[in-house]
Engineer: 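Below you will find the structure I want to go over with you.
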Amino acid sequence: MDEMGPLKLTPYLKENQIRQKVQAMGAAITDQFRNKDLLAVCVLKGSFMFYSDLIRELDLDLSCEFCGLSSYQNEVKSSGEVRITLDLNSPIKNRHVLLIEDIVDTGITMNFLRTHLMSRKPASLTTATLLLKPHALKVKCELDHVGFEIPNDFVVGYGLDYQGYYRNLPYIAQIQSLN
Ligand code: 5GP
């Protein structure tokens, strides 16, 4: 959606591909945290759909927390600046934290979050992202669980937006006219 109306989308990852990947990631994370008390952190807004699907695949005792970050001001390229728009509501000191991101592009957001959360002394910090653009990375980024490695194209759907739209698509698509 832009001032000209809906944009042309090319489907990239189908619903069932995403579902299978989320199940596999859920199984691996369940194994990792068996018998541990987990705090699952959702990075708003883009991760909300992945987060809600992933935590339902975790056969663990866990609690949920949300934080809001923004690095893109309605643009398709990262501004390189990360702002906290919503901080966690409870302490993470001595908790096992699972940080759940939708997509890692330059890595700046994940890097910022990792440093920010580590300063609060969690018992452990594990990161999971559904999508990774390995060729876009600009900073070193420690990722524990990665769903799909994708090319350097802008994607929407399954929580990811373009100018606030397309988050509700159940699949992931590339925007043709931006490529
Ligand atoms: P990074 O800091 O790694 O460059 O960017 C991370 C954030 O940028 C993501 O959480 C997401 O909000 C946004 N982002 C990066 N690539 C894309 C993309 O292809 N599509 C959308 N919709 N957002 C993206």
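Start at 1 and go down the list; that is how both ligands and their atoms are numbered.
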Engineer: Could you tell me whether the side chains of T10 and Q176 share a donor-acceptor contact shorter than 3.5 Å?
Structural biologist: yes
Engineer: Indicate the atoms forming the closest heavy-atom contact of F154 with K133, along with that distance.
Structural biologist: CA-NZ, 4.1 Å
Engineer: Pull out every atom of ligand 1 sitting under 4.0 Å from any heavy atom of I108, numbered as shown with elements.
Structural biologist: 2 (O), 3 (O)
Engineer: I'd like to know if R120 and D87 make a salt bridge, using a cut-off of under 4.0 Å between side-chain N and carboxylate O.
Structural biologist: yes
Engineer: Using heavy atoms and a threshold below 4.0 Å, how should the contact between K138 and ligand 1 be classified: side chain, backbone, both, or neither?
Structural biologist: neither
Engineer: Under 6.0 Å between ring centres, would you say that holds for Y51 and F66?
Structural biologist: yes
Engineer: Quick test of your reading of the structure: of M110, Q174, K133, K45, whose heavy atom lies closest to atom 16 (N) of ligand 1?
Structural biologist: K133
Engineer: Might you point out which heavy atoms bring I92 and L39 nearest each other, and give the distance in Å?
Structural biologist: CG2-CD2, 3.4 Å
Engineer: Just go through N111, D105, D161 and tell me whose heavy atom is the nearest to atom 3 (O) of ligand 1.
Structural biologist: D105
Engineer: Can you tell which part of D153 has a heavy atom less than 4.0 Å from ligand 1: side chain, backbone, both or neither?
Structural biologist: backbone
Engineer: Taking only non-hydrogen atoms of G107, do any sit less than 4.0 angstrom from ligand 1?
Structural biologist: yes
Engineer: Give a yes/no verdict on whether any heavy atom in Y162 is under 4.0 Å from an atom of ligand 1.
Structural biologist: no
Engineer: Any side-chain donor paired with an acceptor under 3.5 Å for R95 and S90?
Structural biologist: no
Engineer: Go through the steps to decide whether L98 and L58 satisfy the test side-chain contact (heavy atoms from CB on, under 4.5 Å), and finish with yes or no.
Structural biologist: CA-CA 11 Å; L98 174 66; L58 300 181; 4.2 Å; yes
Engineer: For V155, state whether at least one heavy atom is located under 4.0 Å from any atom of ligand 1.
Structural biologist: yes
Engineer: So if I count the atoms of ligand 1 from 1 in the order they appear, which ones are less than 4.0 Å from some heavy atom of T106?
Structural biologist: 1 (P), 2 (O), 3 (O), 4 (O)
